[in-house]
Each structure stands twice: as C-alpha cells, then as structure tokens.
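One structure below.
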Amino acid sequence: MSLETFQQRVLPMKDKLYRLAFRLLQNVQEAEDAVQETMIRIWAKREEWGQWQSLEAYCMISIKNGCLDRLRKQKLRSVPENKAWDISSPDKDPQEKMMAKEMTIQIMKCMDELPQQQQLVIQLREIEGLSYNEIAEVLDMSLDQVKVNLFRARSAIKRSIIQTPSACDRKA
Amino acid sequence: MLEKYWQAETTEEEERQLAEYFRGTEVPPEWESYRELFSFFEQEAQVKPGPDLERRIMESIRPRRHTAWWAAAAAIILLLGVEPLFRMAPEKTRVEQTAFVVKDTYDDPQQALAAVEKALFIMSKKMNKGLHPIK
C-alpha cells in the first residue's frame with residue numbers, strides 16, 4: 001500500500017481516533033501521542049491492509065488498545081487525572097470555559113463517571129455514529145452486551161440531566 | 001421514539017431523525033435538557049486534534065527532510081573518506097607507466113630501431129591523414 005493510500009484512507013481517521021483517545025485518556029497531549037503512535041503502527045503494517053475486513057474498525061481497535069495500554073502504565077506511574085469537565089483544567093482555553101454551560105458540564109461529568117465500557121459504547125454510538133455491529137467488533141463484545149451497555153449509559157445520562165446534579169452518582 | 005431511544009432500541013436512522021429534531025428550536029420546554037444532550041453530542045463530534053498532528057504523523061512515517069540531511073552528511077563523509085584514494089591513484093599509475101617505458105623490449109638495437117621507425121611512420125601517416133583538408 002502506498003503513501004497516497006495512507007493519506008486518503010487512514011490519515012482522515014485521525015480526528016475520530018483522537019476523540020476516542022481523548023475520551024479514554026482525558027489529556028490532549030496524551031491523546032495526540034496515542035494517535036500518532038497508532039498511525040505509525042498502521043503504516044508499519046501496510047502490507048497487511050488488504051487482509052483486514054475493515055480498515056476503520058482495525059484503526060479504532062488499535063487506538064483503543066493503545067490507550068488502554070497507556071492507562072495501565074499511567075496507573076503504575078500514578079499520574080494525576082485531568083478531567084475534561086473540570087473547567088479549571090489547563091487544557092481548556094478561556095473561550096471553551098465561557099461556552100461550557102452548566103448542563104454540558106453535567107453531561108461531561110456524568111460520562112466520565114460511567115464505567116469504561118459504557119463510556120466507549122456511548123462515544124462510538126452517539127458521537128461517531130457506529131452501528132451496533134461495528135461497536136461490537138471494535139470493543140470485542142456481543143451485540144447484546146453493546147445494547148446493555150448503551151442502555152445503562154443512556155439511563156445514567158438521562159437521570160443526570162433531568163434530576164439533581166448528583167444523579168449520575170446513583171447510576172446502575 | 002424518544003422512549004425507544006432511552007431503551008437503546010432505536011436504529012441509526014431513527015437516532016439521526018431524533019438528532020435532527022432536537023437540532024431545531026421548536027422543542028417543548030420539558031425536553032430542553034434533551035436538546036442540550038443532542039447538541040453536546042454534536043459538539044463532541046466536531047472535536048479535532050491540534051493542527052500540528054497531521055504534520056507530526058507524516059514526518060514520523062516519512063521522515064523525508066531528516067533522510068535528506070542524513071544522506072547529504074553520509075555523502076560528505078564518504079567523499080572525505082575516499083578522497084586520499086583518488087589522490088594516490090594517479091601516482092601509482094605514473095610509476096607503472098614509467099616502469100613500462102624504462103624496461104627494454106628488444107635485445108637487438110637494429111630491431112628496436114626498425115620497430116621505432118615503423119611506429120613513427122604509422123603515426124606520421126595518421127597525422128598527415130588527419131591534417132589533410134576535407135574534400
């Protein structure tokens with residue numbers, strides 16, 4: 001596979017990969033590094049591209065695994081977490097802080113507090129628009145598990161936006 | 001359809017319709033928070049990495065500029081390394097040529113003279129031919 005194919009088919013996925021990486025890592029620099037690392041890995045395996053059923057699914061699986069690996073190492077190093085919904089975070093620029101409405105913060109906080117699998121299902125379904133089958137492939141889950149996780153995640157978010165700010169804490 | 005959505009039973013198409021509906025302004029006040037939720041998902045889908053990431057990726061898979069510099073540096077080192085060989089090479093050749101000329105090829109002086117005369121004759125014949133104007 002040529003560099004041109006990489007630029008046409010793989011490189012445009014960087015935004016999507018970045019969003020998934022940021023969902024897991026909650027840090028701009030870490031997420032960008034993870035995307036770069038994944039892209040290098042995919043380029044190194046360019047001779048195998050033809051054998052993969054879905055290049056997109058492979059890229060998503062690759063970034064997910066890369067991020068989970070980083071999280072494991074972070075836990076070992078005990079790096080302090082930097083939550084995206086924390087508007088005092090240095091990653092947020094002043095404009096973002098201005099625009100971060102109370103409800104938005106509430107949703108972000110709730111999403112961050114969801115179990116990891118639910119976070120990933122919500123991210124892939126609501127934000128990236130993947131089908132149930134695609135989510136099952138990326139997350140290595142059954143279709144039923146995808147639906148159960150999605151149901152639980154949506155229920156928790158629903159409670160958080162229609163009830164008191166602490167509603168998400170009482171999630172299923 | 002909203003109820004189906006919360007039950008995680010909506011299809012992709014139905015979810016697109018819901019998102020489209022909540023993108024509008026005509027939403028009952030009790031659903032205002034849902035509108036914010038769909039708007040949040042839409043905003044999240046616009047999140048992009050820094051503008052520098054693409055360049056970083058391309059440089060890491062195709063370190064073109066760095067390769068060029070390394071190639072240039074390697075070429076200079078190579079030239080400096082082999083340069084003394086170039087300087088020595090003609091000297092060796094001269095020594096060999098001199099040795100060839102000095103060495104006698106004929107034992108009989110008459111034979112040698114005849115050979116020289118023959119060689120000079122051939123050379124002068126060629127020279128005359130070369131100097132002859134083209135007709």
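Naming: A, B, ... by sequence-line order, numbering from 1 per chain.
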If you tally heavy-atom pairs under 4.5 Å against chain B, which of A:E32, A:E37, A:M39 wins?
A:E32

Would you give the length of the straight line joining atom CD of A:Q36 to atom CG of B:D52, rounded to the nearest 0.5 angstrom?
9.5 Å

Which region of A:I40, side chain (C-beta onward) or backbone (N, CA, C, O), has a non-hydrogen atom less than 4.5 Å from a non-hydrogen atom of chain B, or is it both or neither?
both

Under a 4.5 Å heavy-atom cutoff, which of B:R56, B:Q46, B:K48, B:E36 has the most pairs with chain A?
B:R56

Is there a chain of hydrophobic side chains (I, L, V, M, F, W, Y, each step under 4.5 Å between heavy atoms) that links A:V148 to A:V146?
no

A:Y18 side, atom OH; B:L53 side, atom CG - distance, nearest 0.5 Å:
9.0 Å

Shortest non-hydrogen pair, A:I162 vs B:S33, comes out as CG2-OG, 4.0 Å

If you draw a 6.0 Å radius around CD in B:Q110, do more than 12 non-hydrogen atoms from other residues or ligands fall strictly inside?
no

If you count heavy-atom pairs under 4.5 Å with chain B, which of A:Q123, A:K147, A:E126 comes out on top?
A:E126

Shared ILVMFWY cluster between A:L71 and A:I61, side chains joined below 4.5 angstrom?
yes

Nearest heavy-atom pair of B:T11 and A:R125: which atoms, and what distance?
C-NH2, 3.5 Å

Under a 4.5 Å side-chain heavy-atom rule over Ile, Leu, Val, Met, Phe, Trp and Tyr, are B:Y5 and A:L130 clustered together?
yes

Can you tell me how far CD1 of B:I57 sits from CG of A:L17, rounded to the nearest 0.5 angstrom?
8.5 Å

Search all heavy atoms of B:T10 against all heavy atoms of A:Y132 and return the closest pair with its distance.
O-OH, 3.1 Å

Pair count under 4.5 Å, heavy atoms only, with chain A: among B:Q7, B:E9, B:E44, B:E12, highest is B:E12

Would you say that more than 12 heavy atoms from the other residues, nucleotides or ligands in this model lie under 6.0 Å from the CD of A:E4, or not?
no

Any heavy-atom pair between the side chains of B:V47 and A:F22 that's under 4.5 Å?
no

Show which side-chain atoms of residues 133-141 of chain A pair as donor or acceptor with protein atoms under 3.5 Å away, not counting sequence neighbours.
unit_1	atom_1	unit_2	atom_2	d
A:E134	OE1	A:S131	N	2.8
A:E134	OE1	A:S131	OG	3.3

Going only through I, L, V, M, F, W and Y residues with side-chain contacts under 4.5 Å, is there a path from B:L18 to A:L124?
yes

Consider only side-chain heavy atoms of I, L, V, M, F, W and Y, link residues closer than 4.5 Å, and tell whether B:M58 and A:V10 are in one cluster.
yes

Would you name the heavy atoms of B:W6 and A:R154 that are closest together and state the gap between them?
CZ3-O, 3.5 Å

Side-chain contact test, heavy atoms from C-beta onward, threshold under 4.5 Å: evaluate it for A:M103 versus B:F40 and give yes or no.
no

